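To start, the structure itself, in structure tokens.
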Amino acid sequence: MDPNDGPSLGGTHEARDRRAFELLDPGIQRQLYRMGWTALRRLQIDAIETITGTDQDILIMAETASGKTEAAFLPILSLLATEASGSIRALYVGPLRALINDQFLRMEELCTFLDLPVFKWHGEVSQTVKHRCIRNPAGVLLITPESIESIFINQSAHLGRLFGGLRFVVIDELHAFLGNERGMHLASLLTRIHTFQIQGEHGFREVGLSATIGDPEPAKAFLHPDDPTQVALIQPRGEGKELHLEVHAYDRSVLENPDPGEGPKSRQEDVRITRLRPVAHDIVRHCGGGSNLVFANRKADVEVLCDLCTEFAAPQGLPQNYLVHHGSLSRDIRETAEELMKGSGQRTTFCSSTLELGIDIGSIRLVGQVGAPWTVASLKQRLGRSGRHEGEPRRLSIYVPYPVGDEPELLQRLSYDLIAAIASTELLLEGWVEPMYPPACDLSTLTQQILSVIVEKGGVRTEAIYDLLCRKGPFRGIEASLFAKLMRALGGKDILEQDPAGEIILGLEGEKIVESLDFYGVFNASKEVKVVHEGRVLGALPVLVLPKVNSFIVFAGRKWKVLSVDLGEWEIEVEPSVSRGRPKFAGYGGGVHPRLRQKMREVLSSRATYAYLDAMAGQFLSTAREVAREADLCKERFVALGANSTLAMTWTGSDIQKTLLAMLGLTDINCHDAAIGILFPGSIAEVREAFASIKGHSFSPEGLTECVERDADRKFDYLLDEDLLRVMISREIIDLDGAKRVCEQILSE
DNA sequence: GACCTGCTGCGGATTG
């Protein structure tokens with residue numbers, strides 16, 4: 001810092017702006033003039049000061065379209081302007097190819113007057129470009145974690161040249177990596193890159209960017225695991241965007257009379273389609289005048305809603321501009337939708353979480369959300385897609401369809417989905433989102449990294465692999481004895497072998513795994529069958545729940561009849577039809593944070609009114625509060641539902657709930673998860689006794705794993721033995737302290 | 001029955 005930088009000067013935004021601008025390289029300054037920038041935003045000034053004035057790692061938490069990529073790169077490019085070549089100097093890591101393509105253009109533009117090359121590297125980039133980067137590494141490289149992996153596997157001889165002089169790693173959409181195996185993978189690769197840094201140099205600094213970080217601590221720990229307190233936090237104060245919120249609810253009348261105008265239906269319509277009819281009518285009304293995004297919780301709902309809206313809009317003379325976008329559609333259909341959204345027409349796209357991240361799809365007037373959002377984080381991310389321009393409000397409409405419901409009647413009358421939607425909205429307004437912690441015991445991704453290290457280095461001693469992967473970086477929670485067990489298990493399955501010199505090499509099965517194209521990523525992809533019409537691939541459906549021949553599906557926003565299912569060719573042939581059938585996609589459930597269930601309890605027990613509820617939603621809320629009051633749900637922890645059925649109100653999240661169910665399972669009580677509580681056969685006295693008995697019992701986490709059901713396997717879990725799986729579940733799902741705490745609360749209240 | 005993401009190198013033929 002300038003010693004003459006007195007407090008009197010530092011006071012005004014204009015003065016700080018001017019001084020921050022002067023810290024930038026003249027080539028960058030010139031480009032900013034050319035791009036018509038008149039001022040830097042506070043966030044950018046903060047980032048310029050911190051990046052040029054300190055040697056800290058940095059976490060930038062700000063809304064999408066707030067200019068946070070520029071906040072990071074204006075100063076980084078300025079610092080690198082005079083030392084461009086000899087090595088990649090800055091790495092930009094993004095979770096999506098589309099995002100890398102967008103950012104590549106912006107980065108090139110910023111570098112117009114700098115002698116600083118910009119490279120991109122992902123699966124769709126030509127080998128020519130990749131080889132140019134390897135021959136003459138310099139400047140900035142934009143890349144995915146999987147492509148970094150491919151460099152370790154296929155270009156290991158060049159790692160020192162590529163990364164020896166690396167100064168910065170910028171991780172965009174950091175939340176997309178926190179709390180999952182892809183983040184473990186990335187963190188492990190970055191740890192390995194550190195070992196290629198030129199001796200005596202300072203090493204690289206990390207910068208994380210995200211709009212959706214609930215708790216900055218795990219994000220800081222991701223960037224700087226040795227000492228998270230060293231990470232500087234840049235977070236602009238609330239910019240107070242105007243917010244238009246609406247919550248719409250629907251009653252069951254549509255189920256009795258689906259379509260008054262159409263006369264009797266020849267075929268019984270799937271109730272999961274019928275319940276979406278009034279929602280689609282509202283979406284057609286609300287989505288005039290601009291481009292809109294409507295998120296639904298299931299791909300099947302995305303398809304059905306698009307088809308219903310197309311049909312409803314036709315007779316009213318409304319433009320049929322409804323599009324679909326989700327992960328099972330072909331790339332060509334998805335890219336067409338993205339292009340159309342960017343164009344001048346007014347379109348509405350129904351999507352799953354594919355359009356949650358920051359890829360450019362033009363200006364969005366309204367964001368719709370059908371059903372209660374899975375998490376507050378995803379609701380926040382979705383809301384952030386609207387109102388991205390200065391002076392434009394954010395608009396969010398949540399549509400809560402009538403529940404299909406096989407839960408107990410009391411819970412149905414509580415309008416679980418609506419209360420969950422209100423609770424999520426309230427938490428969002430309070431600024432809370434779920435904290436994201438990394439998996440505690442990801443032996444699957446560790447296995448992948450062990451194989452990767454062996455491919456990179458040839459034979460390696462066990463201790464050297466342990467030092468490299470587990471002493472520092474994301475696997476530091478794996479102790480030496482557990483690592484040794486893992487190595488033995490992999491040896492037993494011919495994945496690894498020990499050569500006569502005592503070094504570990506790949507076994508026969510290990511060779512096969514590593515040679516597969518699939519090896520570069522660490523997440524599990526389900527097997528799929530192509531959906532084809534006259535030679536054109538529309539997308540794919542999971543092989544687990546294939547449609548029957550002659551059945552009907554809505555897919556890519558249109559109705560089809562299934563002509564054939566060919567498992568030899570992995571192909572489903574379809575032809576256009578006029579009948580509407582709901583497609584099936586295979587999926588598993590996800591977790592709910594305890595805070596959401598606690599908020600639901602607050603919503604039910606308070607008298608607060610919410611201005612964003614429509615008449616029906618308001619009415620359902622009153623009924624739910626009445627039901628809760630009559631049964632004393634919010635105060636009483638045990639509620640009799642019938643002669644021999646009791647609901648214990650836990651009001652907690654899914655991990656604690658799973659642990660409680662496992663504890664009760666061990667004591668031979670046959671009970672069920674009912675979201676806000678646990679459902680028992682038996683009287684209140686018996687259930688109270690059951691809780692008292694598990695409170696007094698001392699459980700071992702690993703014993704409980706027998707009774708816990710896991711949602712989904714990780715990619716390399718199939719290589720682990722029972723013992724290792726038990727350790728993994730006990731460390732990741734079982735929450736003994738949390739369960740005991742809930743137990744005590746239940747018994748004392 | 002939630003949702004999403006990613007990915008070679010090489011040999012041979014064709015084209016400018």
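Throughout, a chain's letter reflects where its sequence line sits, starting with A, and its residues are numbered from 1. A quick note: this is a predicted structure, and the numbers were derived from the prediction, not measured.
The local environment of NZ in K715(A) is crowded, with over 12 non-hydrogen atoms from other residues, nucleotides or ligands closer than 6.0 Å.
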Between the protein and nucleotides 2-4 of chain B, list every N/O to N/O distance that falls short of 3.5 Å.
unit_1: dA2(B); atom_1: OP1; unit_2: R298(A); atom_2: NE; d: 2.6
unit_1: dA2(B); atom_1: OP1; unit_2: R298(A); atom_2: NH2; d: 3.1
unit_1: dA2(B); atom_1: N9; unit_2: Y588(A); atom_2: O; d: 3.2
unit_1: dA2(B); atom_1: N7; unit_2: Y588(A); atom_2: O; d: 2.9
unit_1: dA2(B); atom_1: N7; unit_2: G589(A); atom_2: O; d: 3.0
unit_1: dA2(B); atom_1: N7; unit_2: G590(A); atom_2: N; d: 2.4
unit_1: dA2(B); atom_1: N6; unit_2: G590(A); atom_2: N; d: 3.4
unit_1: dA2(B); atom_1: N6; unit_2: G591(A); atom_2: N; d: 3.2
unit_1: dA2(B); atom_1: N3; unit_2: W374(A); atom_2: NE1; d: 2.7
unit_1: dC3(B); atom_1: OP1; unit_2: K299(A); atom_2: N; d: 2.9
unit_1: dC3(B); atom_1: O3'; unit_2: S352(A); atom_2: OG; d: 3.4
unit_1: dC4(B); atom_1: OP1; unit_2: G327(A); atom_2: N; d: 2.7
unit_1: dC4(B); atom_1: OP1; unit_2: S352(A); atom_2: OG; d: 3.0
unit_1: dC4(B); atom_1: OP2; unit_2: K299(A); atom_2: NZ; d: 2.8
unit_1: dC4(B); atom_1: O4'; unit_2: S353(A); atom_2: OG; d: 3.4

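The separation between D172(A) atom CG and dT5(B) atom P is 16 Å, rounded to whole Å. In this structure, CG of L142(A) is placed 14 Å from P of dG6(B), rounded to the nearest angstrom.
Within 4.0 Å (heavy atoms only), R382(A) reaches no atom of the nucleic acid at all. In this structure, A176(A) reaches neither bases nor backbone, as no heavy-atom distance under 4.0 Å exists between it and the strands shown.
Here the CG-CD distance, from L446(A) to Q449(A), works out to 8.0 Å after rounding to the nearest 0.5 Å. Note that the CD atom of E426(A) and the NZ atom of K599(A) stand 6.0 Å from one another [nearest 0.5 Å].
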(request) Produce a footprint string for nucleotides 7-16 of chain B: one letter per nucleotide, 5' end first; B if the base is under 4.0 Å from any protein heavy atom, S if only the sugar-phosphate is, - if neither. (result) BBB-------

Could you list the donor-acceptor pairs under 3.5 angstrom formed between side-chain atoms of residues 397-404 of chain A and any protein atom two or more places apart in sequence or on another chain?
unit_1: Y399(A); atom_1: OH; unit_2: H286(A); atom_2: ND1; d: 2.7

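Using bins of under 30°, 30° to 60° and over 60° for the plane-to-plane angle, the ring pair F555(A)/F585(A) lands in the parallel bin.
Taking all atoms of both residues into account, the shortest heavy-atom contact from P583(A) to V554(A) is CG-O, 3.3 Å. The nearest pair of heavy atoms linking G208(A) to L174(A) is CA-CD2, 4.1 Å.
Side chains of S210(A) and H175(A): a donor-acceptor N/O pair is present below 3.5 angstrom, by distance only.
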